[in-house]
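As structure tokens, the structure follows; a few thoughts come after it.
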Amino acid sequence: MILYFLTLVLFVMGLYCLVAKKNIIKKIIGIVITEYSINLFLVLVGWRKGGIAPILLKGMQKSEIVEKGVDPLPQALVLTSIVIGLGVLALMVSICLRLYEKYKTFDMSEINRLRG
Amino acid sequence: MDKMDKYIKDSKSGMTPIVKTVVRFVMGIIFIFGAYVVLYGHLTPGGGFAGGVILACGFIILTLAFGKGLGLSKLSDTWASILDNSAALLFLTIGFIGFSGGYFFTNVLGKGKEFALFSAGTIPLCNIAIGLKVTASVFAVFLTLSIFGRFISKLVDDYEDDTEKE
């Protein structure tokens, strides 16, 4: 149970970084920390004490997998989520570079000429 | 070897000689580890994506330490693009090969012995294709953001200036 609470702490830390900081790069770091905390939470949901890989080997009963096997769905989901996170991170950084070249600053409060 | 010495002594491009010497020793280990993670993806934690990111980080650390001359001579932007697209097509081809055994991504090759390197049918081939694609595309993203970023934004600025004039 304490592990779930720690992922919540990580999530709140990322959210604080996203809301309170003015620097865009720090905001991006906050988004990434939030995302990783959710990934960690999903992996924890799939965790099972003494679990085995859900592969039916020769001479293995099906009931054994039902008893001990790990659910592979959260892991596959988190792998996809990590890949999508990398793409989103590249997009965010490229937008930041473009903003820096336009406004010569990373400070969010100084970028006030955004009119679409 | 002489070429690398020349790059280390060249003080104009890249970082200090300390970083260059360390990178020269670490570089090979990074590439071997990345190739290991890709090839053993069906046996150990890791796989195509993780190994591809490690390999791409090898190229990125090379570019950061030695400057863009050496990095682009090892894997240029053109070749990164070609490798990216051809690895995607390779992955699709492996998927279509599955139709010969039934449906999409069927494991038609022999499964082999369990927990051996050459086992699990088409899964290692998929891992290699994904590894090549991720290597090329992450390095291409790095190149686009760092080296060509200025160039692209200059193009956008010129375009905006032209439209404002009209």
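Computed from a prediction, not measured in an experiment: that's the story for all the values here. By convention in this document, chain letters (A, B, ...) are assigned in the order of the sequence lines, proteins followed by strands, and residues within each chain are numbered from 1.
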Exercise. How about Leu91(A) and Ser94(A): do any of their side-chain heavy atoms sit closer than 4.5 Å?
Worked result: yes
Exercise. So, do Phe142(B) and Phe59(B) have ring centers that fall under 6.0 Å from each other?
Worked result: no
For this session: Against chain A, label Val134(B) side chain, backbone, both or neither, depending on which of its atoms sit under 4.5 Å from a heavy atom there.
Result: neither
Problem set entry | Distance, nearest 0.5 Å, that separates OG1 of Thr135(B) from CD1 of Ile54(B) | 10.0 Å
Exercise. For chain B, which residues from residues 64-85 of chain A have at least one heavy atom closer than 4.5 Å to it?
Worked result: Ile82(A), Val83(A)
For this session: State, with a plain yes or no, whether a side-chain heavy atom of Phe139(B) is found less than 4.5 Å away from one of Thr63(B).
Result: yes
For this session: Go through the structure and list residues passing salt bridge (charged side-chain N to carboxylate O under 4.0 Å, His left out) with Lys133(B), not counting sequence neighbours.
Result: Asp84(B)
Exercise. Atom CZ in Phe5(A), atom CG in Leu10(A): separation rounded to 0.5 Å?
Worked result: 12.0 Å
